[in-house]
Protein chains: 2
Amino acid sequence: MNPPSPREQDILAAAASLFAQQGYPGTSMSQLAAACGLSKPALYHYVPDKAELLARICEAHVEKLAALVREERALKLAPEAQLRELVRRFLQVYGEARHEHRVLTEDLKFLPEPRQQRIRELEREVVSGFADALAALQPALAQQQLAKPVTMLLFGMINWTYTWHRPDGPLSDAQLAELVNGLLLGGLPALGQAGRAS
Amino acid sequence: MNPPSPREQDILAAAASLFAQQGYPGTSMSQLAAACGLSKPALYHYVPDKAELLARICEAHVEKLAALVREERALKLAPEAQLRELVRRFLQVYGEARHEHRVLTEDLKFLPEPRQQRIRELEREVVSGFADALAALQPALAQQQLAKPVTMLLFGMINWTYTWHRPDGPLSDAQLAELVNGLLLGGLPALGQAGRAS
DNA sequence: CCTACCGATCGGTAGG
DNA sequence: CCTACCGATCGGTAGG
């Protein structure tokens, strides 16, 4: 609840890295302590328990994403520009916080239910931000109740990138965003009659 | 190595379900035994160890996908038709084997390296099948070395569906495939000049 | 009596 | 196919 101290930030970053590589249940507090150069009791001086670590990593990450969506909303750009910016900035954040993003994606399910709910609520807010921009850009989508499915296909493209995209590779985050935006905005007009039984 | 007995198939299916929900390290062999209505020693009569379970689930699933790609290749359809069919049939398989697909996606990393390699090789074969079809459809992509990135964005759309798409929901697997194909094939022409630094 | 820790070990449970 | 266990390691905490 308090603003995390610098030492706490280091611990959260180390935990995110280990959880991302080994999964939450596959990571021991002893490993984490060793990675931080602390004894286990010293680690427990900074962190109440293992689940709290996971919760704080997920909360901080999704709150950053939700804040980004609110910020873009406030700018009131044209729908296409807003969508482009959302994609570009999300991929930028994912590139900066790839461990945290992977933990949110794969390990959220290990949190106790009540703790998950607040995070899932923020996730829904993020999804709505994209879905609203899509619906504004292509009202026909919303009429066919396809705004959410298409939004999730878009999230598939960007959320899946951690499995293959290397930030130090030949394709930059910005080029990747161009590619996603090209595919999405080029493909949207074709969706007029899709989604219906053939 | 031997063809799995019906009992073994049940165990693999139960294991896939538990691994998908709780993760591989988060699932105990006692839990699995209980889910199968077996004692733990009885379970170990059918399965040598925990990692072997994970390996067989991943291998069987990726082999099915690789076989599907080879089958489509042999049909020698036109590039667009081939791509459409690949997307449609992959989403169909994912719908039938959602647990196995999630396990392959999230838990493959827990296998010992040598065991991972054979599976990753088959994954690369699958990716190449899609990338080749994409390159045949849009030669400009291959020239800009964008066939692989675009292929991975496509896999993002379809591989991410397990996080949100419910087979018993309002959107059928077939409609979902239509949506993905519409977005992909509609968006491809727009990618001529994407992926370059702006 | 506070903080920031230490070496050692707690009660339980993991895979086998 | 059971009960009864093992060496080790789990998350978390004792006294100093």
task: Output yes when at least one side-chain N/O atom of A:Tyr44 is less than 4.0 Å from OP1 or OP2 of C:dA4, else no.
output: no
statement: Between A:Leu183 and B:Leu184 the two heavy atoms that sit nearest each other are CD1-O, 4.0 Å
- prompt: Think B:Ser39 has a side-chain N or O under 4.0 angstrom from the OP1 or OP2 of D:dC1?
  reply: no
message: Let's see if you can work this out: which of D:dG11, C:dC5, C:dG15 has an atom nearest to the side-chain heavy atoms of A:Ser28?
response: D:dG11
task: Would you kindly compare A:Pro41 and A:Gln31 by the position of their nearest DNA chain D nucleotide and give the one closer to the 5′ end?
output: A:Gln31
- request: Take the protein atom CD of A:Glu52 and the nucleotide atom C1' of D:dG11, then report the distance between them rounded to whole Å.
  value: 15 Å
- prompt: Starting at the 5' end of DNA chain C and moving along, which residue's nearest nucleotide shows up first, B:Pro25 or A:Leu38?
  reply: A:Leu38
query: Of the candidate nucleotides C:dG15, C:dC5, D:dC2, which contains the atom at the shortest distance from the side chain of B:Met29?
result: C:dG15
task: Take atom NZ of B:Lys64 as the centre, draw a 6.0 Å sphere, and report whether it contains more than 12 heavy atoms from other residues, nucleotides or ligands.
output: no
query: Between C:dG16, D:dG12, C:dC5, which nucleotide has the shortest distance from any of its atoms to the side chain of B:Lys50?
result: C:dG16
query: Say you pick atom C1' in D:dG15 and the same atom in C:dC5; how far apart are they, in whole Å?
result: 13 Å
- prompt: If you measure from the C1' atom in C:dG12 to the same atom in D:dA8, how many Å do you get, rounded?
  reply: 13 Å
statement: Side-chain contact check for B:Lys40: nearest option of C:dA4, C:dG16, C:dC6 is C:dG16
query: Given atom CD of A:Glu8 and atom C1' of C:dA4, what is their separation to the nearest angstrom?
result: 14 Å
query: When you check the gap from the basic side-chain N to the acidic O, do A:Arg118 and A:Glu121 get nearer than 4.0 Å?
result: no
- prompt: Between A:Arg56 and A:Glu8, is there a side-chain N and carboxylate O pair less than 4.0 Å apart?
  reply: yes
- prompt: Expressed as a whole number of Å, how far does the C1' atom of C:dG16 sit from that of D:dA4?
  reply: 13 Å
message: What is the separation between atom CG on A:Leu32 and atom P on D:dT9, rounded to the nearest whole Å?
response: 18 Å
statement: Taken to the nearest whole Å, OH/A:Tyr46 to P/D:dG12 is 18 Å
query: With respect to the side chain of A:Asp49, which nucleotide from D:dC1, D:dG12, C:dC5 is positioned closest?
result: D:dG12
- prompt: How many Å lie between CD on A:Gln22 and P on D:dT9, as a whole number?
  reply: 14 Å
task: Determine: side-chain N/O of A:His45 to OP1/OP2 of C:dA4, distance under 4.0 Å, yes or no.
output: yes
- prompt: With a 4.0 Å cut-off, would you call A:Arg102 and A:Glu106 a salt bridge?
  reply: yes
